[in-house]
Amino acid sequence: MPPQRLAPRLIGCLLVRTLPDSTRMSGRIVETEAYLGVKDAAAHTFGGRRTLRNEAMYGPPGTAYVYFTYGMHHCMNIVCGKEGEPVAVLVRALAPVEGLEAMRVRRGGAADRLLCAGPARLCKAMDIDLTLNGSDMCSGDALFVEVSPPLPARKLTRTPRIGVDYAGDWAKKNLRWMLTDDPNVSISASKNRRAFR
DNA sequence: ATGACGATTTACT
DNA sequence: GTAAATCGTCATA
């Protein structure tokens, strides 16, 4: 499935994380970004780059691609291309649903609306790290998506992607989707608009 | 072996 | 608004 189709489709679905001790945490996905693979200058797989780090991007649809960045943060993608086609959707924010207590512990007592309001924040809150990189989200119970019916397009807002200014023309494309005015998104639409004025 | 760099977050002025 | 934190990964040598 093309990432630009999966990204809006994921909004409203439930991302579920089960810890080894059976603690269950989950959140409704409210923000995603599509990464379009070899042609996308903002993607880790631009130009067909294939390394140990991004190997999971080349796996079958439903593979989790988790990477470590800035020396301290993890981010999580859902691979959606057929095997060998490195395209994926970055999950950027959740509205916490289950396991808020456990999330608060991991997030050092941040406000509830900030628990999962960013790609690295949600990974911290849900204890998603490199041990989940390459895992199959369709078969495992450690990390998976509970699908819900697609939301109508009018409930969604599209903006350029965050943090990819280095990508030239690709930085300007509207490949970020969010639930309009949801308080749990990483950066609000209005703030984003201001950045492009 | 070395150097540069992040698909970010937080704290601070 | 700006800056610091912090280190795995990759390209270069």
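Rounded to whole Å, the distance from CG on A:Leu130 to C1' on C:dG8 is 9 Å. A straight line from CZ of A:Arg53 to P of B:dA4 spans 18 Å, rounded to a whole angstrom. Atom CZ of A:Phe46 is separated from atom C1' of C:dC10 by 16 Å (rounded to the nearest Å). Between the NE2 atom of A:His74 and the C1' atom of C:dG8 there is a distance of 10 Å, given to the nearest Å. Taking atom CZ of A:Arg49 as the reference point, atom P of C:dT12 lies 11 Å away to the nearest angstrom. Atom CD in A:Glu31 sits roughly 10 Å away from atom P in B:dT8 (whole-Å rounding). Distance A:Met72 CE to B:dA11 C1': 12 Å, rounded to the nearest Å. For the pair A:Asn77 CG and B:dT8 P, the computed distance is 11 Å after rounding to whole Å.
Between the side chains of A:His44 and A:Tyr65, a donor-acceptor pair is found at a separation under 3.5 Å. Counting only N and O atoms by type, the side chains of A:Arg24 and A:Thr18 include no donor and acceptor under 3.5 Å apart.
Comment: A:Glu33 engages A:Arg92 in a salt bridge, judged by a side-chain N to carboxylate O separation of less than 4.0 angstrom.
Among the heavy atoms of the strands lying under 4.0 Å from A:Arg107 are primed sugar atoms or P, OP1, OP2 only; no base atom is included. Heavy atoms of A:Tyr70 sit under 4.0 angstrom from at least one base atom. When heavy atoms are screened at a 4.0 angstrom cut-off, A:Ala42 is found touching base atoms of the nucleic acid.
Nucleotide C:dT2 forms a pair with B:dA11, judged by Watson-Crick or G-U wobble geometry with both contacts under 3.5 Å.
You can call A:Tyr35 stacked on the base of B:dA7; the centres are under 5.5 Å apart and the planes sit within 30°.
When all heavy atoms of A:Val16 and A:Glu146 are compared, the pair lying nearest together is CG2-OE2, 4.2 Å. Shown here for A:Ala117 and A:Ala93, the closest heavy-atom pair between the two residues is CA-CB, 4.1 Å.
For A:Arg92 and B:dT8, the shortest distance from a side-chain N or O to OP1 or OP2 is below 4.0 Å. Remark: A:His44 is in phosphate contact with B:dA7, judged by side-chain N or O atoms under 4.0 Å from OP1 or OP2. Put simply, A:Arg121 has a side-chain N or O that comes within less than 4.0 Å of OP1 or OP2 on B:dT10. Between B:dA7 and A:Tyr166, a contact under 4.0 Å exists linking OP1 or OP2 to a side-chain N or O.
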